[in-house]
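Values below: all heavy atoms of this structure, side chains included; hydrogens, waters and symmetry mates excluded. For clarity, every value in this text was computed on a predicted model and none was experimentally measured.
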Amino acid sequence: MDAVVSGILLGIFIELIAPGSFDTINDFLMNLMLVPFGIAGTYLLYYYFKRSFGSQVSEIVIEESDNKG
């Protein structure tokens with residue numbers, strides 16, 4: 001999802017800066033430009049989940065019994 005949104009925004013930005021040049025960009029180059037957006041989006045999603053569910057995590061305590069038998 002992050003790559004789709006950032007790809008659309010990057011495409012619009014490139015067309016505003018240099019009209020008609022988006023058609024000549026290599027696909028590999030476009031993918032390299034989108035890698036930082038993917039990494040940032042993944043980190044933000046991880047941080048959101050960690051913050052949301054971090055307070056709900058309860059520790060599991062295993063008690064050892066002294067019954068030998």
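- Residues Leu29 and Leu34 fall within the same hydrophobic cluster, defined by Ile, Leu, Val, Met, Phe, Trp and Tyr side chains chained together at heavy-atom separations under 4.5 Å.
- Asp27 is linked by a side chain to side chain contact (heavy atoms under 4.5 Å, CB included) to nothing, counting only residues two or more places apart in sequence or in another chain.
- In this pair, Tyr43 and Tyr46 present their aromatic rings tilted. The plane angle is within the 30 to 60° band.
- By the 4.5 Å side-chain criterion applied to Ile, Leu, Val, Met, Phe, Trp and Tyr, Phe13 is assigned to a cluster that also includes Ile17.
- Under the 4.5 Å side-chain heavy-atom criterion for grouping Ile, Leu, Val, Met, Phe, Trp and Tyr, Phe37 is connected to Met33 within one hydrophobic cluster.
- For Phe49, the side chain to side chain contact (heavy atoms under 4.5 Å, CB included) partners at least two apart in sequence or on another chain are Leu45, Phe53.
- Here Ile12 pairs with Ile8, Leu16 under the side chain to side chain contact (heavy atoms under 4.5 Å, CB included) rule; sequence neighbours left out.
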